[in-house]
> 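Pasting in a structure now, in structure tokens, and then I'll have a few things to ask.
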Amino acid sequence: MPELPEVEVVRRGLETWVAGREIASAEVLHPRAVRRNTGTLADLLVGRTVVSAERRGKYLWLPLREGDSPVEDALMAHLGMSGQLLMVEPKEPPEKHLRVRIGFTDEGPELRFVDQRTFGHLLVSPLAVRPSRDVPEPIAHIAPDPFEEAFDDAEFTIRIRRRQTGVKRALLDQSLISGVGNIYADEALWRAKLHWARPTETLTGKKVAELLTAARGVMTEALGEGGTSFDRLYVNVNGESGYFDRSLAVYGRRDEPCPRCGTPIRRDAFMNRSSYSCPKCQPRPRNGRW
């Protein structure tokens, strides 16, 4: 599933291509892509103008305005495992897994939602008013991501140390910190020299700060390379893949030498997924403790 850097790459592309444009049409080619909407997508979108492109964690949304009315709702997108938001000239043939196409009154490039596995979706949702930032109601419960002004490092430190769980589980908890998934959790833990099972209650404030620095650092670098693309499913709005997979230190590198010490990278089963770490740089906690 795409994580914060991959979704941010898409957001930036959308901001360039759709902000300020009025929607002229919305065609649904697969009902699962709009399964959570209460009305037809065309009725909900046509005649409205996209204000901007926003993101929190792994979620995207396009705030919508009708005339001079205040912005009260947005078109939210969750990419799921294989969703793509592409800007394509209307005359181009439909993609094999095209689910939704949205046209604009200027007849320029249209927005297409392509999703091979149909786990993603588009939803027109009211915005929940929050002191720091209005967000779509379905994601109002998730925490700010570490690049938002609303993210409070000190509050995060207090909350993660109270969790009494493994540090990687905490990083994947979107109610604690959003946007971090399996790939960047492993990479951040490697940079901070923390084993994924390290109990959160044993973390010092200094170590949490190091972990946040590592998470921000690796995701910033990934963003600079267009994100991580292991296949053609994760692309930007122009259909181009990112290249950060070439720079990953541990994720997907089982038995390859650790870039820091040369020890073969270890793979462990973790929550029906995998965790990759260096046995020397990231020693396993003893008896569940550090």
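Side chains included, hydrogens not; waters and symmetry mates left out as well; all remaining heavy atoms used. None of these values were measured; they are calculated from a predicted model.
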> Looking only at heavy atoms, what is the nearest atom pair of Leu4 and Arg55, with distance?
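The pair with the smallest heavy-atom distance is CG-NH1, 3.4 Å.
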> May I ask whether Leu189 and Leu248 are part of the same hydrophobic cluster, defined by side-chain heavy atoms of I, L, V, M, F, W, Y residues being less than 4.5 angstrom apart, directly or through others?
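Leu189 clusters together with Leu248.
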> In a check of side chain to side chain contact (heavy atoms under 4.5 Å, CB included) between Leu75 and each of Leu45, Leu60, Leu123, which one passes?
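Answer after filtering Leu45, Leu60, Leu123: Leu45.
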> Side chains of Asp145 and Glu8: closer than 4.5 Å at any heavy-atom pair?
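SC-SC contact between Asp145 and Glu8 ruled out.
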> Roughly how far, to the nearest 0.5 Å, is the CD atom of Gln116 from the CD atom of Glu95?
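The CD atom of Gln116 is 13.0 Å from CD of Glu95, to the nearest 0.5 Å.
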> Can you name the nearest heavy-atom pair linking Gly181 to Leu172, along with the distance?
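Heavy atoms only, the tightest pair is C-CD2, 3.4 Å.
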> Do Glu54 and Ser52 pair up side chain to side chain, a donor and an acceptor below 3.5 Å, judged on atom types alone?
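Their side chains do contain a donor-acceptor pair, which is all the 3.5 Å distance test asks for.
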> Testing the basics here: between Gln282 and Trp190, what is the closest heavy-atom pair and its distance to 0.1 Å?
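Smallest interatomic distance, heavy atoms only, reads OE1-CD1, 3.2 Å.
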> OG of Ser175 to CZ of Arg159: how many Å apart, nearest 0.5 Å?
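That separation rounds to 6.0 Å.
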> Rounded to the nearest 0.5 Å, what separation is found between the CG atom of Leu44 and the CG atom of Asp73?
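That separation rounds to 8.0 Å.
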> Answer yes if the side chains of Ser82 and Asp115 hold a donor-acceptor pair under 3.5 Å, and no otherwise.
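Indeed, the side chains of Ser82 and Asp115 share at least one donor-acceptor pair under 3.5 Å.
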> Identify the heavy atoms of Arg198 and Leu203 that sit nearest to each other, and give their distance.
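Distance-wise, the nearest heavy atoms are CG-CD2, 3.9 Å.
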> Within the side chain of Glu3, is there an N or O that forms a donor-acceptor pair under 3.5 Å with the backbone of Tyr184?
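A pair under 3.5 Å: yes.
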> Once rounded to the nearest 0.5 Å, what's the spacing between atom CG of Asp186 and atom CD1 of Ile265?
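Here the interatomic distance stands at 10.0 Å.
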> Considering only heavy atoms from C-beta outward, does the side chain of Ile139 approach that of Trp61 to under 4.5 Å?
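Ile139 reaches Trp61 side chain to side chain.
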> If you define the side chain from C-beta out and look only at heavy atoms, does anything of Leu14 sit under 4.5 Å from Leu111?
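In contact.
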> According to a hydrophobic-cluster definition based on side-chain heavy atoms being under 4.5 Å apart (Ile, Leu, Val, Met, Phe, Trp, Tyr only), do Leu122 and Val135 belong together?
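Unlinked, Leu122 and Val135 end up in two clusters.
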> For the pair Glu66 (side chain) and Gly47 (backbone), establish whether a donor and an acceptor sit closer than 3.5 Å, ignoring hydrogens and angles.
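Here the side-chain-to-backbone pair does not exist.
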> Roughly how far apart are Tyr251 OH and Ser275 OG, rounded to 0.5 Å?
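One gets 9.0 Å once the value is rounded to the nearest 0.5 Å.
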> I'd like to check Pro138 versus Met76 (side-chain heavy atoms, cut-off strictly below 4.5 Å). Are they in contact?
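Of all side-chain heavy-atom pairs linking Met76 with Pro138, at least one is under 4.5 Å.
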> Tell me whether the count of non-hydrogen atoms from other residues, nucleotides or ligands lying under 6.0 Å of CH2 in Trp196 goes above 12.
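More than 12 within 6.0 Å, yes.
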> Does the side chain of Pro146 reach to within under 4.5 Å of the side chain of Ile177, using non-hydrogen atoms?
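Result yes, sub-4.5 Å side-chain heavy-atom pair found.
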> List the steps, then state whether side chain to side chain contact (heavy atoms under 4.5 Å, CB included) holds for Leu86 with Glu92.
CA-CA 12 Å; Leu86 306 174; Glu92 293 298 319; over 6 Å; no
> Hey, mind stepping through Lys96 and Val114 against side chain to side chain contact (heavy atoms under 4.5 Å, CB included) and telling me if it holds?
CA-CA 8 Å; Lys96 180 178 180 181; Val114 178; over 6 Å; no
> Quick one: which residue pairs count as a salt bridge (Lys or Arg N to Asp or Glu O under 4.0 Å) with a foot in residues 250-259, not counting sequence neighbours?
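Every candidate salt bridge (Lys or Arg N to Asp or Glu O under 4.0 Å) pair involving residues 250-259 fails, so no pair, neighbours aside, qualifies.
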> Does Gln164 use its side chain to pair, donor to acceptor, with the backbone of Pro199 at less than 3.5 Å?
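No, the answer is negative, given that no donor and acceptor are paired below the 3.5 Å cut-off.
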> Stepwise, does the side chain to side chain contact (heavy atoms under 4.5 Å, CB included) test hold for Ile102 with Phe113?
CA-CA 8 Å; Ile102 297 172; Phe113 180 57; over 6 Å; no
> Could you list all the side chain to side chain donor-acceptor pair (under 3.5 Å) pairs where at least one residue sits in residues 211-221, not counting sequence neighbours?
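Residue pairs with at least one partner in residues 211-221: Asp153-Arg216, Arg191-Glu221.
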> Leu62 and Trp17: same hydrophobic cluster, using ILVMFWY side-chain contacts below 4.5 Å?
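Yes; tracing contacts between hydrophobic side chains, which count when under 4.5 Å, links both residues.
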> Could you go step by step and tell me if Arg163 and Arg169 meet the side chain to side chain contact (heavy atoms under 4.5 Å, CB included) rule?
CA-CA 10 Å; Arg163 282 303 165 99; Arg169 285 180 180 269; over 6 Å; no
> According to the ring pair (Phe, Tyr, Trp, His ring centres under 6.0 Å) rule, which pairs have a member within residues 117-162, sequence neighbours left out?
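Matches after skipping sequence neighbours: Phe151-Phe156.
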> For Pro90 and Arg101, which heavy atoms make the closest approach, and how far apart are they?
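Smallest interatomic distance, heavy atoms only, reads O-NH2, 3.7 Å.
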> Please say which of Thr49, Leu127, Leu64 ends up in a side chain to side chain contact (heavy atoms under 4.5 Å, CB included) with Val71.
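Answer after filtering Thr49, Leu127, Leu64: Leu127.
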> Measuring from Glu107:CD to Arg21:CZ, what's the distance to the nearest 0.5 Å?
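Taking CD in Glu107 and CZ in Arg21, the distance rounds to 10.5 Å.
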> Can you tell me which residue among Cys258, Cys261, Pro264 is in a side chain to side chain contact (heavy atoms under 4.5 Å, CB included) with Lys280?
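The side chain to side chain contact (heavy atoms under 4.5 Å, CB included) with Lys280 is passed solely by Cys261 among Cys258, Cys261, Pro264.
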> Any non-hydrogen side-chain atom of Pro283 less than 4.5 Å from a side-chain atom of His195?
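Contact flag for Pro283/His195 side chains = no.
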> What closest approach, in Å, do Gly179 and Gln174 show between heavy atoms, and which atom pair accounts for it?
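Closest heavy-atom pair between Gly179 and Gln174: N-OE1, 2.9 Å.
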> State, with a plain yes or no, whether a side-chain heavy atom of Val18 is found less than 4.5 Å away from one of Met87.
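Yes, close enough: below the 4.5 Å cut-off.
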> Do you reckon Val46 sits in the same ILVMFWY cluster as Val50, going by side-chain contacts under 4.5 Å, direct or chained?
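No, separate clusters.
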> Would you mind reporting whether Glu149 and Ser132 have side-chain heavy atoms less than 4.5 Å apart?
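No, every pair of side-chain atoms sits at 4.5 Å or beyond.
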> Answer yes if Leu79 and Val237 sit in the same cluster of Ile, Leu, Val, Met, Phe, Trp and Tyr residues linked by side chain heavy atoms under 4.5 Å apart, and no otherwise.
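The answer is yes; both residues are in one hydrophobic cluster.
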> Are any of the side-chain nitrogens in Glu15 or Arg12 under 4.0 Å away from the carboxylate oxygens of its partner?
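Result for this pair is no, no salt bridge flagged.
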